[in-house]
Amino acid sequence: MLKNRIPSLRFRRFLTFALLMGLLQVWLMAQSSTGPAAAPKTTLDEVSEKLSCRCGCNLVLNRCNHVQCGSAIPMRERITREISQGKTRDEIIAGFVREMGEEVLAVPPTSGFNWSAWIMPFAMLAAGTVLVIVVLKVMMRRRPMEVPAASLAGASGPSSTAETLASSKKLDDRIEMELKEFGDS
Amino acid sequence: MPEIGNFAVILVFVFSAYAVLGSVLGAKLDNRKLVRSSERAVLISCAMVTLAVVILWTLLLTNSFNVAYVAAHSNRDLPFFYKFSALWAGQEGSLLFWGWLLSLYSFVCVLQNRNRHRAMMPYVIAVLMTTQCFFSILNLFVANPFSTLAVAGASGGLQPYAPPDGNGLNPLLQYPMMVIHPVMLYLGYVGFIVPFAFAIAAMMTKQLGDTWIKTTRRWTMVAWFFQGVGILLGAAWAYHVLGWGGYWGWDPVENASLMPWLMGTAFLHSVMIQEKKGMLKVWNMVLIILTFFLCIFGTFLTRSGVVSSVHAFAQSSIGAYFVTFLALILAFSLTLLFDRLKYLKSENQLDSVVSRESSFLFNNLILLAACFAVFWGTMFPVISEAVKGVKITVGAPYFNKINFPIGLFLLFLTGVGPLFAWRNTSIKSLKKNFMIPSSTALALGVVLFAFGVRDFYALMAFILCLFVTVTIVAEFYKGARARGKTSGEDFITALMNLTHRNTRRYGGYIIHFGIVLIFMGVAGAAFNKQVKADMGVGERAQIGSYTLQCDAIRDADNPNYASQHAVLSVFHNGVKQNYVLRPEQRFYKASGQPTTEVALHSSLVEDLYVVFSGTVNSDKAIIQAFVNPLVLWIWIGGLVVVFGTVVAMIPSKGEMERRAAWETEWEKIITTREAELVETAKEKLRA
């Protein structure tokens, strides 16, 4: 009776995994959101740290220090102008995206295909963790292997048989070589 | 002279192609003479690349502007020092330089192993020289550094042409650190080929024990060391020259150098398990294949300009050649690996999940995850363009957000690793080992929080830095104390002897400590301050606890560049400091490019970093000032890593004793067998 009430180990693992993934997603959304923030007053830095400079420097707009930069300077001037017109951060950013495309954003937006930019590294990490756990289990179950003789040449692992065989093979090779040279001379 | 250079490159191709064929045929036909001749071809190939390099240097130093490369990357007024470094400033020269370093590595590798690893060496030569062939093909057909300039003559034919002066070296490269940085980085990129070549040779000969790993351990460390130093010098260059206030912008070319380093780090850790336990043989093969793949991939990213980057100075059709070579590397290595799987089985089983072996596996996982995150972010613009037709920007904030948590976990594992024993760790000893490091680190966390540190990542980084430091100190302390008790040595002597007894282990701990310092420096970025001001003479600007006062704006001129700089007095907490800052803006005459020269005052606590971005109405300096806390610790950490690597590369006392014993035993056996042979020969003669 009691046994029936306790979820199976597999189900509990699934729940833990789902919970972890859910937390990860929430964390990611919180981290990478470019959505509206409740900022009382938009500043130049607030907007320019979300945009990239288009001069080819690969820097975020508020970091580009190129002398007389043909991209950063007009972009910053436009942001300052639009802030003074009372536009919010998101309105200004949306204006840039409409005009220059998504490429103007400093990071990929968290929507559509671009989600994969954010998710993939952590998905790979999660998959890797599962793989490592499986590998560890397999490695624990595995009995010490009899290694094919060919691969033992040069081996000096802790297995005493392997070590002996390898050493003698290595010695034999060396002796053969020395003898051959001795014979040649 | 360019013709001789060109001919030398043709000979490089011929001799390296011969070395590939000769060594493989020699191995297959068991023809020792053929293998010896291919070894000589490696040496000649090296001599030929050296000749080509010397010729290009001569052309640069003698202002031979009839050569396109010299005209594009040098000019008459360029200082001698930079004419020398112009060799690797452009695509053609840097590929020749790559090939030269490869030939030097091959030369040393062949000489070192002439009478060793006789079965493996032909295949090692084949791998080294195939790569040499590839680079000589690039130098011959795609990026020839000896191409000469010509113009259409009156008769319609082409006439040789030499412009009166060259375009000059990219101003960003006219910096002392930039002379060393590419050399270090290339030594790293190229160096990983030796362990890769031995791995392939081990698979070809089915000698899949740990001989190839032991033989290449120092080669791997050398490559890893150079790559790491190259990365740090690149960061220092970016910090001191680019003038945007940071040292790591996650630029595609920076990422290209980081990826093989991360993979190489995973390999360096993982091979220890194979040496100690005979496990993870397949995994080690995968890691070294990927490391070498990423080295070539990094060169491809830098040279092809596939992802737009400030560093992709030259863009050309070279990409197709690289993609083909990369595909060949992967296809051949993985096919060979698949075929040899049955010889790569583990010799032992894992005793417990709670063991150092497991922590190494997780360390590998995190390093690979970091490498993948960097790879994915770097390539995402290309992937997005291919999938959606829209190119997306993946800037520094993306990489910071993704890599900070991964980096912190890696730091945690760096501390945890030494707390686990090989094979199995009891919960009791784990509790005992964890107690002091974790409680000390948590106490620091509480103190920092109480003092107002609220940035989560920075707080975690400082906590983990102390955690790792305590574990490292404990390792040294416990080891030295135990040794002192048994041998009666004083603590310092015991500490020195302990390190000398196992240089690899304790050198590794020193490297870990260096990494801790680097993390500490990086965490300081959470508290960066920045201000921008237009300052007339006598005017002041405030940043944090510093006040800057503009004392003068001055002009200067020399044959290479014209410049303008501001003279700034500095007040810290209202007290005038005994130094002045002179941020400068230069205008290089030959290339017509402006650059900024940062003025920097460093201390262990923080850097005051000032950039002069020109003037407003000729009388106000545009000043951008940054206060960057703890940056100096990054460079100190780098030096500690260098020291640790040197320690780890010194042969340990135990290793030297084992080697001496082994050689004595060997000599005995050889002498006995020789005597037996002489006796047999005498008997035969008598008969």
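A note on names: the letters A, B, ... follow the listed sequences, proteins ahead of strands, and every chain is numbered from 1. As a basis for the values below, the full set of heavy atoms in this structure was taken, side chains included, without hydrogen atoms, waters or symmetry mates.
- Between chain B and the residues A106(A), S52(A), A117(A), the largest count of heavy-atom pairs under 4.5 Å involves A117(A).
- Atom-to-atom distance recorded for I93(A):CD1 and K87(A):NZ is 12.5 Å, nearest 0.5 angstrom.
- In this structure, chain A has no heavy atom under 4.5 Å from any part of F409(B).
- In this structure the side chain of L280(B) never reaches within 4.5 angstrom of the side chain of N364(B), judged on heavy atoms.
- For the set F399(B), W250(B), F372(B), the count of heavy-atom pairs under 4.5 angstrom toward chain A peaks at F372(B).
- Using a 4.5 Å heavy-atom cutoff, the side chains of Y398(B) and P121(A) are in contact.
- Counting only N and O atoms by type, the side chains of R78(A) and T80(A) include no donor and acceptor under 3.5 Å apart.
- When each of T215(B), L365(B), L368(B), V387(B) is checked for heavy-atom pairs under 4.5 Å with chain A, L365(B) comes out on top.
- Between K276(B) and E357(B) there is no salt bridge, since no side-chain nitrogen of the basic residue lies less than 4.0 Å from a carboxylate oxygen of the acidic one.
- Side chain of Q585(B) to backbone of P594(B): no donor-acceptor contact under 3.5 angstrom is found.
- Of the listed residues (G243(B), G377(B), A369(B), G249(B)), the greatest number of heavy-atom pairs within a distance under 4.5 Å of chain A belongs to G243(B).
- For V394(B), the parts sitting under 4.5 Å from any heavy atom of chain A are the backbone and the side chain alike.
- Neither the backbone nor the side chain of D45(A) comes within contact range of chain B, judged by heavy atoms closer than 4.5 Å.
- Looking at L136(A), the atoms closer than 4.5 Å to chain B (heavy atoms on both sides) sit in the backbone and in the side chain alike.
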